[in-house]
There are 2 protein chains.
Amino acid sequence: MYFCSMYTFAEENYLKAIYKLSELDTQAVSTNAIADLLQTKAASVTDMIKKLSDKRLLKYEKYKGVELTDKGKKIAIETVRKHRLWECFLYDKLKFGWDEVHEIAEQLEHIQSEVLVDKLDEFLEFPTHDPHGDPIPGKNGIVKKTNFILLSELELDKKAIMAGVVDHSSVFLQYLNKLEITLGIQVQLVERNEYDGSIEIQIQRKKLHLSKEVAKNILVKLK
Amino acid sequence: MYFCSMYTFAEENYLKAIYKLSELDTQAVSTNAIADLLQTKAASVTDMIKKLSDKRLLKYEKYKGVELTDKGKKIAIETVRKHRLWECFLYDKLKFGWDEVHEIAEQLEHIQSEVLVDKLDEFLEFPTHDPHGDPIPGKNGIVKKTNFILLSELELDKKAIMAGVVDHSSVFLQYLNKLEITLGIQVQLVERNEYDGSIEIQIQRKKLHLSKEVAKNILVKLK
DNA sequence: AAATATTTTTAGACAAGCCTAAATTATGTA
DNA sequence: TACATAATTTAGGCTTGTCTAAAAATATTT
Ligand SMILES: [Mn+2]
Ligand SMILES: [Mn+2]
Ligand SMILES: [Mn+2]
Ligand SMILES: [Mn+2]
């Protein structure tokens, strides 16, 4: 009503979802993949795809999936940038837990004001990573690649730093809270169990046993 | 899509507008008054009024205007609280000008998360007034009355403190910026011109001449 | 009191975003 | 290659929130 944004919440959410999926795979993004990620129906996705295609935000060939145009990718990355900056604000300044910030940032990412994003960035002292270890795209649209590896693939006795998560669900993050696994702490692989892929790690003064499932959802940075 | 708020942006904006208008006048709020304030059409207002009436957020009698119910008033005040807290954030923390905060707060006020409001309030150290001098409603829904008077009604030679504005438009606020009139500074009425209602004031080391129009849009607190 | 002007409501339309059910196209398997 | 299955699109419908134009009610003048 008051603000007429360039793009609607729904449009930005679709672009963000398509961007995320296109990073996982070089192929065109399928209708069903988008529907799954956004928890909506394939028919709704087809509707929106047509609108975004009309606006030249993506390339669409019937039955062949979609690919973002440069314009579409730019908007997607801007939205990711806003999302991650707001997550930093919620975590660093308002002292939310890393398991609580995502849902609120899903809303805040759609606030329209270019100067707001810049001022927020400055206020947060230009953070490079969000509370989940994901890189914050620059104002120029460049997203730094992180060279993290899965904790499940860490070599025996090697030391590393907890650097990110694959699963962003609050259930998983709360489980890590309980284990006192936080980003930035040092980890060393003590033992790998070949039978079930579970591992034993040393963090701080504790030894922890982690299932393969959990280890595959934690990212570490080699020292 | 992701968040299903109790009330939509439009509903909250209508409730806020009706609350504002009902504070100006004890009578029921008219359809046209709402349409003017929200810059929409009377027909749209009638539509929305029916929906809000169905939801028991206001009492509506055809052709007789509307009155908020306790439930409607509660939501309106909560929205005002969020609006003003966000304005404080933008002004105090992000260093926006007082002429820039309103538009962005119009968007931020609709973010749904009760704990976010509480944490923001705490982060801002429980401010009592927004950058325009308007009181911030408490968590309990109580809005403190300010006993400010119009600068145009200040008595001769009396000293007072700049405390608020009636006109919140950025044009007016920018004009005050140019005159270096900011909230909190002392003001003394030096002369009143009976002919056109204009006044001469002393602020800091300067004497300023203000039209009646301007003086009627500035609020001061007696010392 | 009647005529006129203003306010408010109704009627009908539209765009955005979603849905279900049915039709169509693509893909994988016997 | 033909059939079965899965993916995708189309058709038609719904809600929200907006609009214009016309009708109805209320308020103001004369
Ligand atoms: Mn979102
Ligand atoms: Mn994140
Ligand atoms: Mn608003
Ligand atoms: Mn304000």
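Quick caveat, the model's predicted, so the values are computed rather than measured. Sequence lines set the chain letters: A, B, ... in the order given, protein chains first and strands last, and positions in each chain run from 1. Only heavy atoms go into these numbers, but all of them, side chains included; no hydrogens, no water, no symmetry mates.
Phosphate contact (OP1/OP2 of C:dT7, side-chain N/O of B:Ser30, threshold under 4.0 Å): absent. Applying the 4.0 Å criterion to OP1 and OP2 of D:dT9, one finds that A:Tyr60 has a side-chain N or O inside that range. OP1 or OP2 of C:dC19 has at least one side-chain nitrogen or oxygen of A:Thr40 nearer than 4.0 Å. Side-chain nitrogen and oxygen atoms of A:Asn32 include at least one within less than 4.0 Å of the OP1 or OP2 phosphate oxygen of D:dT8.
Taking atom CD1 of residue A:Ile34 and atom C1' of nucleotide D:dT9, one finds them 14 Å apart after rounding to whole Å. The nearest whole Å value for the distance from the CG atom in B:Asn13 to the C1' atom in D:dT16 is 14 Å. A:Asp36 has its CG atom 13 Å from the C1' atom of D:dT8, to the nearest Å.
Checked options B:Asp130, B:Leu85, B:Val101; the residue passing with B:Leu90 is B:Val101 (criterion: side-chain contact (heavy atoms from CB on, under 4.5 Å)). When each of A:Met48, A:Lys16, A:His110 is paired with A:Glu11, the side-chain contact (heavy atoms from CB on, under 4.5 Å) condition holds for A:Met48 and for no other.
The salt bridge (Lys or Arg N to Asp or Glu O under 4.0 Å) analysis of residues 43-54 of chain A, with sequence neighbours excluded, yields no pairs.
A donor-acceptor contact closer than 3.5 angstrom is absent between the side chains of A:Gln174 and A:Glu100.
Annotation for A:Glu23: atom CD counts as buried by contact number, over 12 foreign heavy atoms lying within 6.0 Å.
Note on B:Lys216 versus B:Asp167: no salt bridge recorded, every NZ/NE/NH1/NH2 to OD/OE distance being 4.0 Å or above. Comment: A:Asp118 engages A:Lys139 in a salt bridge, judged by a side-chain N to carboxylate O separation of less than 4.0 angstrom.
Of the residues in residues 43-53 of chain A, those with a non-hydrogen atom less than 4.0 angstrom from any atom of DNA chain C are A:Ala43, A:Ser44, A:Asp47, A:Met48, A:Lys51.
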Restricting both atoms to N or O, compile the protein contacts to nucleotides 24-28 of chain C shorter than 3.5 Å, with distance only.
| from | atom 1 | to | atom 2 | distance (Å) |
| --- | --- | --- | --- | --- |
| C:dT25 | O4' | A:Tyr63 | OH | 3.4 |

Next on the checklist: Assess the residue pair A:Lys82 and A:Glu78 against the criterion (salt bridge (Lys or Arg N to Asp or Glu O under 4.0 Å)); give the C-alpha distance rounded to whole Å, side-chain angles, the decisive distance to 0.1 Å, and a yes or no.
Outcome noted: CA-CA 6 Å; A:Lys82 289 196 278 179; A:Glu78 274 168 10; over 6 Å; no
